[in-house]
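The next block holds one structure in the form of structure tokens; read it before the comments.
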Amino acid sequence: MKIFRTEQVKYIDAYTIQNEPIASIDLMERAAHALFGWFRNRFHNNRKVIIFCGPGNNGGDGLALARMLLNVGYNVHTYYLSSKSYSEDFNTNLVRLKEASSSIYMINSPKDFPKIEPDDIIVDALFGSGLSRPIEGLAADLISSINSSNALVVAIDIPSGLFGEENSVPNSNPVVRASYCLSLQFPKIAFFMSENEEYVKDWRTLPIGLHPDAIEQTPSPYFYTTLSDISTNLLNQSKFAHKGSFGHVLIMAGSYSMMGAACLCSKASIRSGVGLATLYIPKCGYEIAQTAVPEALALTDSNDTHLTNYPDLNKFSAICVGPGMGQDTETASMIRSLIKNSTKPLVIDADGLNLISKNIDLLQELKAPAILTPHPGEFDRLFGKSSSSWEQLQKAISMAQRYGVIIVLKGAYTRVVLPNGEVHFNSTGNSGMATGGSGDVLSGVIAGLLARGLEPKDAAIIGVFVHGLAGDLAADDFGKVSLCATDILNYICKAFQHLTKK
Ligand SMILES: NC(=O)C1=CN([C@@H]2O[C@H](COP(=O)(O)OP(=O)(O)OC[C@H]3O[C@@H](n4cnc5c(N)ncnc54)[C@H](O)[C@@H]3O)[C@@H](O)[C@H]2O)[C@@H](O)CC1
Ligand SMILES: Nc1ncnc2c1ncn2[C@@H]1O[C@H](COP(=O)(O)OP(=O)(O)O)[C@@H](O)[C@H]1O
Ligand SMILES: [K+]
């Protein structure tokens, strides 16, 4: 799903109004209907609802929602900020609401704030995508009052005070801490930034029928990968397929005490449908590999404890290098040579990345497409620290462009950043996956898909999605607390089944 910056959504709204065509007030009514439907399904009408409205169309949405809730028997109290001016649709909805309710109050000073009980439901319709500066004064005091209550807060479109994309300038201006955020049509990029977790605990999008032509024609480098975005014909299996049809992956991984990473990674590649997997490991890992991964071929380096060389690359269709590999100087020279000489696509993970971070311009010598899979710590080691997730994302975009590589920046909403500057935020995965070895499983999945013949972009996007989905399905059965990398591995099959059955 393509997602947009705030000013682009404004354009798509305006295009819809002009070309559907639909009157602005009717589009607001449609949005309010979507909000109302969600609200009614979620909350019984025995709880008091307090709706806080700002002077713009976000406030207008709040007023329209208030009217709809009143019509079906909710106990609704509506408060709106005093302002020099209000949007036209706000004014229309205020008149409509006044016909239905007498519990409408203007807020002129903190004395007008209502007392909020813990059982009340607050609707935050103060500011949406029209926020133009950090909030101060009366509105800021109101937000502090909302945040200090123990009531549940439902934010319309975006928690008031939060900007749609960049919120990196630390400021003391308050932002509503929403329990739920109902974002109209598209998620906001700000939802994917870890700093905003306290404001956006749970969010969902509500479709409001924005014009498909505007969505298609408005260019954006940002995407959100959901099930419907995964092209499953890339995973088709011909009836006459043989193991040679699905590629041969080389997994260069492991060292003394870290053979588990090599096993997890190679097993994950096999579960991702590769025809053949060869594990290239130091001698100490031979029996472990042969026993733990009977499906893989095992080739050993001349060294006992760490990798110092690589095998003839001709017969392989893709290579994964790095999991559990250690950072010996001999391993460092091996990876330098691999990068300069491999014409086969590479997945570079873990210690592979740590070794490259000592000489980042090595990336300029790549002959083949490469997918780098850093977690945030590895990313900082490679490209330097960033002061916020937003800055880190912008850095990932410029580094992917500079070196012509795909960067898979891992974590919640893993970002797959392409050399053309596109960013694909992933929708699957959960915090139970923050456990040792889960990254090794991911690099195996991506390498398996790459070896099967998927384009690097597809291997990265689908691999990340499947890995997260496997983690979600495993968490459904085992819970997040106990989830371990082997569980993710064991649920890769279910994740692929889920995709290919869709
Ligand atoms: N036709 C449309 O454009 C639609 C808009 N919708 C709603 O409209 C919202 C956007 O509406 P608007 O563009 O009117 O903007 P907002 O309602 O977000 O706020 C704009 C108003 O707040 C003031 N303001 C901005 N920053 C402020 C600050 N820091 N302190 C004090 N005042 C501040 C502005 O001067 C303006 O009066 C969306 O978030 C969504 O909720 C929906 O009804 C769907 C359709
Ligand atoms: N909070 C989270 N939400 C979703 N996915 C997560 C979360 N934390 C970690 N993950 C995923 O788990 C994996 C962890 O990888 P990594 O940190 O490299 O682990 P390891 O080095 O132990 O193998 C990544 O795919 C990451 O996206
Ligand atoms: K809001």
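Keep in mind that the numbers below use all heavy atoms, side chains included, and drop hydrogens, waters and symmetry copies. Counting starts at 1 for both ligands and their atoms, in listed order.
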If you have a sec, work out which protein heavy atom is nearest [atom] and how many Å separate them, to one decimal?
atom                    : result
atom 1 (N) of ligand 2  : Ser431 CA, 3.4 Å
atom 11 (O) of ligand 1 : Asn57 CB, 3.2 Å
atom 40 (C) of ligand 1 : Asp61 OD2, 3.3 Å
atom 8 (N) of ligand 2  : Ala434 CB, 3.5 Å
atom 15 (O) of ligand 1 : Gly130 CA, 3.2 Å
atom 33 (C) of ligand 1 : Phe127 CE2, 3.4 Å
atom 23 (O) of ligand 2 : Gly439 N, 2.7 Å
atom 3 (O) of ligand 1  : Asp13 OD2, 3.1 Å
atom 7 (C) of ligand 2  : Asn430 O, 3.7 Å
atom 26 (C) of ligand 2 : Gly411 N, 3.6 Å
atom 30 (N) of ligand 1 : Arg133 NH2, 3.7 Å

* To do: Using a strict 4.0 Å cut-off to heavy atoms of Thr435, name the atoms of ligand 2 that fall inside it.
  =>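 That gives atoms 22 (O) of ligand 2.
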* Which bit of Leu131 gets closer than 4.0 Å to ligand 1, counting heavy atoms only: side chain, backbone, both or neither? -> both
* Where's the contact between Leu184 and ligand 1, heavy-atom distance under 4.0 Å: side chain, backbone, both or neither? ->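 For Leu184, only side-chain atoms sit under 4.0 Å from ligand 1.
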* **Over 12 non-hydrogen atoms of neighbours within 6.0 angstrom of CD in Gln18** =>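 Incorrect, the count does not exceed 12.
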* Does atom CD of Glu216 have more than 12 heavy-atom neighbours, drawn from other residues, nucleotides or ligands, at distances under 6.0 Å? ->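 No, CD of Glu216 has 12 or fewer neighbouring heavy atoms, counting only those of other groups under 6.0 Å.
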Is the shortest N/O to N/O distance between [X] and ligand 2 below 3.5 Å?
X      : value
Leu442 : no
Lys410 : yes
Gly437 : yes
Tyr413 : no
Thr414 : yes

Using a cut-off of strictly less than 3.4 Å, determine whether [X] has an N/O/S atom near the K ion (ligand 3).
X      : result
Ile158 : yes
Ala155 : no
Asp157 : no
Phe127 : yes

* Any side-chain heavy atom of Phe90 sitting closer than 4.5 Å to one from Pro55? -> no
What are the atoms of ligand 1, with element, lying closer than 4.0 Å to any heavy atom of [X]?
X      : result
Lys10  : 13 (O)
Ile135 : 29 (N)
Asp157 : 38 (C), 39 (O), 40 (C), 41 (O)
Pro55  : 22 (O), 37 (O)
Gly56  : 14 (O), 17 (O)
Pro134 : 29 (N)
Leu27  : 1 (N), 45 (C)
Ile17  : 1 (N)

* Mark whether atom 35 (O) of ligand 1 lies under 4.0 angstrom from at least one protein heavy atom. => no
* Does the side chain to side chain contact (heavy atoms under 4.5 Å, CB included) test come out yes or no for Leu27 and Arg30, once each step is laid out? -> CA-CA 5 Å; Leu27 182 59; Arg30 200 151 81 191; 3.7 Å; yes
* Could you check Val464, Val416, Ile406 and say which one makes a side chain to side chain contact (heavy atoms under 4.5 Å, CB included) with His424? =>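 That would be Val416; it is the only one of Val464, Val416, Ile406 passing the side chain to side chain contact (heavy atoms under 4.5 Å, CB included) with His424.
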Consider ligand 1: state whether an atom of it lies below 4.0 angstrom from any non-hydrogen atom of [X].
X      : result
Glu136 : no
Ala139 : no
Ser87  : no
Ser132 : yes

* Asked: Which class fits the ring pair Phe39 and Tyr74: parallel under 30°, tilted 30 to 60°, perpendicular over 60°?
  -> perpendicular
* Could you check whether the rings of Tyr86 and Tyr80 sit parallel, tilted or perpendicular, using 30° and 60° as the cut-offs? => perpendicular
* Going by distance alone, is a donor N or O of one side chain under 3.5 Å from an acceptor N or O of the other, for Ser144 and Asp141? ->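 There is no such pair (donor and acceptor under 3.5 Å, judged by atom type) between the side chains of Ser144 and Asp141.
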* Classify the side-chain pair Thr428/Asp472 by whether it contains a donor and acceptor separated by less than 3.5 Å. =>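 Side-chain D/A pair, Thr428 to Asp472: absent.
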* To do: Ignoring angles and geometry beyond distance, decide whether Leu126 reaches within less than 3.5 Å of ligand 1 through its nitrogen or oxygen atoms.
  =>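 Looking only at distances, the answer is no, because the N/O contact criterion of under 3.5 Å is not met.
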* Can an N or O of Gly128 be found at a distance shorter than 3.5 Å from an N or O of ligand 1? ->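 In this structure, Gly128 places an N or O atom under 3.5 Å from an N or O of ligand 1.
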* To do: Answer yes or no: is there an ion pair linking Lys410 with Asp349, defined by an N-O contact shorter than 4.0 Å?
  =>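 Salt bridge between Lys410 and Asp349, a charged N being under 4.0 Å from a carboxylate O: yes.
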Please state which option from [options] has its nearest heavy atom closest to [atom].
atom                    : options                        : result
atom 13 (C) of ligand 2 : Ser438, Gly429, Ser443, Ala485 : Ser438
atom 10 (C) of ligand 1 : Ser183, Ala23, Ser129          : Ser129
atom 10 (N) of ligand 2 : His375, Glu197, Arg415, Met433 : Met433
atom 25 (O) of ligand 2 : Lys480, Glu378, His467         : His467

* **Full working for ring-ring contact (aromatic ring centres under 6.0 Å, His included) between Tyr79 and Phe52** => CA-CA 5 Å; Tyr79 292 79; Phe52 290 109; 5.7 Å; yes
* Please calculate the O(Ile156)-the K ion (ligand 3)-OG(Ser160) angle and round it to 10 degrees. =>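 Approximately 170° at the metal, rounded to tens of degrees.
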* Passing candidate, side-chain hydrogen bond (donor to acceptor under 3.5 Å, both in side chains) with Lys188, options Asp157, Thr6, Thr205, Asn196 ->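 Running side-chain hydrogen bond (donor to acceptor under 3.5 Å, both in side chains) over Asp157, Thr6, Thr205, Asn196 with Lys188 returns exactly one hit, Asp157.
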* Asked: Any donor-acceptor pair under 3.5 Å linking the side chain of Asp351 with the backbone of Gly326?
  -> yes
* Test log, rule ring-ring contact (aromatic ring centres under 6.0 Å, His included), inputs Phe478 and Tyr491 -> CA-CA 11 Å; Phe478 305 127; Tyr491 275 70; 5.7 Å; yes
